[in-house]
Amino acid sequence: MQESLKKRFFNLPPNVCTGGWLYKKLSSLTTSIYVLGLMAVFFVIGTIFPQGESFSEYVKSGGGFTFFVENLGLLDLFVTPVFLILSAVLLINLAVCVYDRYAPLFAKRVFQRGFSPDKTIYLTHGIAGAHVEVRRVLKEDLGFKLIFKDSEWIIMEKGLPMRLLTWAYHAGLLLCFFGLVLTYLFAFEDTMTLSPGKLQPISMKEPGRVQSLWKSSHTDRSFGLSLDEFSAEYVQAPRLDYPKDKLSRLAMGLGWKGREVALELKDDSIAPKNWRSRVRVIKDGVFAEAHTIEINDPLRFEGYTFYQTGYEQKLKVRVDASPILLETKTGEEIFLPGIENPLKFGDLKTGALYRLDGSVDRLIPFTTVKQARDANGPKDKRSYDDLGRLEQDGSITVDGRRITLAGIEESAVLSVRRDPGVNLLWTGGFITLIAMALRFYGGFYTAAYRVMEADGITLLEVCLSTKGLWTNRESILRRLEYSLTRDDLKLTPLPDDAG
Amino acid sequence: MLNYETILSRDAFLLSVELRLFWIIALAYGLAFILYAFHIVTRAIPAGKAARSIMWAAAFLHVLLIIFRTFEGGRAPFQTLYESLSWFACMTALVYLFVSRDLKKVYLPGIFVSGVTMSVSLYALLSRTPAIDPLSPPLKSWWFEWHVIFAFFSYAVFVVGAAIEASHLIVKPFLKRGYDRCLGFTPGMMDKFHKKAHRLVAFGYPLLTFTIISGAAWANEAWGKYWSWDPKETWSLATWTVFTIYLHCMTLERFKGLPASVINLAGFAFMLMTFLGVNWLAKLLGIPSLHVYAV
């Protein structure tokens, strides 16, 4: 049976092709161990070099080993040919192992003759009665079922089908692997910025790897998203006044220093609670679906998934009484007329504020203003002076100029993704987890026993093997002995007054 | 309705009570560590027994502390590294005490476990902030609690597995030289301890598998990508890979002795890197991580 399966797999007789040796290697656990070891080494290297970063950025940020990083592609290690080949070998190894162990699941098991008994129990039954009673106890009291018997030994077992479970979680992992392959080949993603009231079609600038080969454009203009409202929520977050140095903390902890921890609440002690984008899906010009996208609650539509990843905030500012409004984004520098050094506006806080006392307020939209100390030099190394808080329709004076926040606009930034590998991955993951948990935590017992007579005494010899963490070999043996001997006369000490 | 001053002073008071309790627990772990060391030096059984009793008391208080923190924060206490460290120390102590029920007069693994729980607790108290911050939006997910609970449960199991494996490796040469007893071990117990370490890894492995799959599912819900080769993700996969190697080694006759023991200890080292080392590595190398909230 096994031989024919192998032949079918390689489509050649095993003695003609190199498959004999190759198949053995690919179905071997030793191969798995070495390949997994190499994978672990790759994983570690992948955490040392920032994955996905461009080489120029890496050099700019002072990264070392530039020769190796550039030539070995260490910044995209997990798509290098070496890693992909290694992954392919692991995939084939796993697939062959799963295939190789499938047929034996249903093959008739051959049991060895002769077991060294774990326990010998003396019985008071005759040999024929003992056979019946042992079988009854194992079957009815302990839940074993008969699977094999010959003229001497009888084998019974109970519990979960361990070999099937072992096979199942390997097969589950194989499904996960196929899911990963589908993702690697076909998944694609992009980001889209939705402004209120504007319909945006779905357009993918970066198609998946295989689609790139087909030169397919991946622009689906049959439907689009329209943002009805973007909203944010904040919560008051008191700041903890607690020593930073270890000695002060130690002194506090051991009670040598009388200072207590304290909490303080300032105007800017707020933290984000949630962001929401209320969107409508318009398909072929007709409303199709409405959804409020939040982090951890994406919108799924026709194979695409839309995630809330961030927001974009535009501010309209007026300098003095100028009728012209200047537009800027939060977090970006802007040079304003009559002001020497550039200004930078912090994140706009707007929406609901959940206060500590349980009340909820609407925030008056505000931002913070910073001014660069020096207009020259690289932007990322500039230091800034805090100029304070600027509310909507409020003003702040900088270098003698009055800056007014005259308007705000918030857009939702969504990530859109189409990934045909996800469903297979979750199916495989689910099978893996269930089968693995049952296999590792469940219990399986095999009992081999024989009933024999020696010098007129009936003996039961039992050999019990277990698999799984929740098995208790001693308990089964104890219960077996108890059930078989509970009605026997037991020797008990005579009472003291018996003479 | 309470005014702000009342709320802030109440919360500060609760936090100071919590810190006092955590200090007591950390010192109790320290005392257990000293007693275990005393036992190893003097072979005095009462010192080992006292150390185990103190571990029980510290673990009990630690469970109370976790419950206290849960009520204090109004959420599962796993958001910051301070909270994760506390949970990890508590789980490690509990798993060890559960396993040590049938270790009888063997106290050597206790010095490793109490050393870990003490160090982790002191690291939390001295280097991390105990502030209770509101949950950030990505953490508001069903996956959050289960992902973290199972992650640290598996880590705790691996710590105890490594402690037992290391103890067995330390004692083995002495017993091979002909000693009939060494620190409570007898030659007949060697195989039992090697198997116990194996059983612990076998227990922790599905938990770690769940951690990785649930983390991927959560990332898929929150960021739209189930895997991004983030340093923490990659280290957790490396740890899983090492324990996979270990479990396979234990099924092969030629690997199931010393090679498997060494791989088990390597798995423990990888686990430490996943939990703590990766934060340090990411900071050192300036690699951005999606797990910044756990730093």
Side-chain angles (χ1 to χ4, degrees), chain A residues 29-30 32-33 36-37 39-40 43-44 46-52 61 78 180 189 235 237-240 242 246 249-250 252-254 260-265 271-275 294-298 305 307 309 356-359 415-417 422 425-426 429 432-433 436-437 440-441 469, chain B residues 1-4 7-9 11-13 15-16 19-20 23 125-127 129-131 133-134 136-138 140-141 199 202-203 205-206 209-210 213 216-218 220-227 229 231 234-235 237-238 241-242 244-245 248-249 251-252 255 270 278 281-282 285-288:
Chain A
L29 281 186
T30 312
S32 316
I33 288 170
L36 285 167
M39 296 289 276
F43 294 150
V44 171
T47 60
I48 295 171
F49 301 97
Q51 297 303 300
S61 61
F78 300 113
L180 294 173
E189 65 182 331
V235 60
R239 283 191 192 148
L240 178 66
Y242 188 58
K246 294 181 176 64
R249 288 184 177 192
L250 183 66
M252 233 171 117
L254 299 179
E260 290 292 337
V261 291
L263 292 166
E264 53 188 14
L265 198 60
K273 188 172 186 283
N274 207 354
W275 299 289
E294 293 178 37
I295 294 177
N296 288 313
D297 185 13
T305 313
Y307 302 89
T309 54
L356 277 185
D357 60 6
S359 61
S415 134
V416 50
R417 189 169 170 86
V422 165
L425 183 80
W426 297 147
T432 302
L433 278 176
M436 192 183 276
F440 282 70
Y441 302 145
L469 294 171
Chain B
M1 195 181 280
L2 294 171
N3 63 35
Y4 286 137
I7 294 168
L8 292 177
S9 58
D11 290 351
F13 171 74
L15 196 56
S16 62
L19 282 168
R20 291 251 156 81
W23 270 105
L125 284 163
L126 294 174
S127 297
T129 171
D133 292 325
S136 63
K140 286 181 188 149
S141 164
R199 284 170 71 87
F203 182 83
Y205 184 76
T209 309
F210 175 82
I213 293 177
W218 182 13
N220 194 54
E221 285 295 291
W223 294 294
K225 217 171 175 182
Y226 58 78
W227 200 263
W229 296 110
T234 313
W235 270 104
L237 188 61
T241 307
V242 173
T244 307
I245 296 171
H248 282 87
C249 282
T251 64
L252 295 174
F255 289 128
F270 271 63
V278 68
L281 193 69
L285 302 171
I287 305 171

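Protein chains get the first letters and strands the later ones, always in sequence-line order, with residue 1 at the start of each. Since the structure is predicted, the reported quantities are computational estimates derived from the model, not experimental observations. Both backbone and side-chain heavy atoms feed into the values below; hydrogens, waters and symmetry mates do not.
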Closest non-hydrogen contact found for A/Thr47 with B/Pro231 is CG2-O, 3.7 Å
Here the gap from A/Glu189 atom CD to B/Lys225 atom NZ, rounded to the nearest 0.5 Å, amounts to 4.5 Å
Distance-only, no hydrogens or angles: does the A/Tyr307 side chain make a donor-acceptor pair with backbone N or O of B/Asn220 under 3.5 Å? yes
Quick one: does B/Lys140's side chain have a donor or acceptor within less than 3.5 Å of a partner on A/Lys273's backbone? yes
Which portion of A/Thr305 sits near chain B, non-hydrogen atoms under 4.5 angstrom: neither
Let me confirm one number: the CG-CG distance from B/Asp133 to A/Leu240, rounded to the nearest 0.5 Å. 8.5 Å
Relative to chain A, which segment of B/Tyr226 carries a heavy atom at a distance below 4.5 Å: side chain, backbone, both, or neither? side chain
Within a strict 4.5 Å, meaning less than it, do heavy atoms of the B/Ile7 and A/Leu263 side chains meet? no
For the side chain of A/Tyr441 and the backbone of B/Phe203, is there at least one donor-acceptor N/O pair under 3.5 Å apart? yes
Residue among B/Pro206, B/Ala216, B/Pro130 with most heavy-atom pairs under 4.5 Å to chain A: B/Pro206
Just so I know, are the side chains of B/Trp227 and A/Leu180 near enough to count as touching, which here means a heavy-atom distance under 4.5 Å? no
Winner by heavy-atom pair count (cut-off under 4.5 Å) against chain A, out of B/Leu126, B/Thr241, B/Leu15: B/Leu126
For B/Phe13, is it the side chain, the backbone, both, or neither that has a heavy atom closer than 4.5 Å to a heavy atom of chain A? neither
Under a 4.5 Å cut-off applied to non-hydrogen side-chain atoms, are B/Thr209 and A/Met436 in contact? yes
Engaged part of B/Leu252 at the chain A interface, taking heavy atoms whose separation is under 4.5 Å: side chain
When the 4.5 angstrom heavy-atom criterion is applied to A/Leu250 and chain B, the contacting part is both
Taking B/Arg199 for the side chain and A/Leu469 for the main chain, is one N or O donor matched with an acceptor at less than 3.5 Å? yes
Region of B/Ile213 that comes under 4.5 Å of a non-hydrogen atom in chain A: both
Find out whether A/Thr309 and B/Trp223 are in side-chain contact, i.e. whether some heavy atom of one side chain is under 4.5 Å from a heavy atom of the other. no
Working to the nearest 0.5 Å, report the span between OG1 of B/Thr251 and CD1 of A/Ile33. 6.5 Å
Can you tell which part of B/Ser9 gets under 4.5 Å to a heavy atom of chain A, answering side chain, backbone, both or neither? neither
Atom pair OG1 (B/Thr234) and CD (A/Gln51), whose distance is rounded to the nearest 0.5 Å: 7.5 Å
So which heavy atom on B/Ala12 is nearest to which on A/Ala262, and how close? CB-CA, 4.1 Å
Is there a side-chain contact between B/Trp235 and A/Phe43 (heavy atoms, below 4.5 Å)? no
Side chain of A/Asn296, backbone of B/Glu221: donor and acceptor closer than 3.5 Å? no
Check whether any side-chain heavy atom of A/Leu265 lies under 4.5 Å from a side-chain heavy atom of B/Leu8, and answer yes or no. yes
Using a cut-off of under 4.5 Å on heavy-atom pairs, state which of B/Ala217, B/Ser141, B/Cys249, B/Pro137 scores highest against chain A. B/Pro137
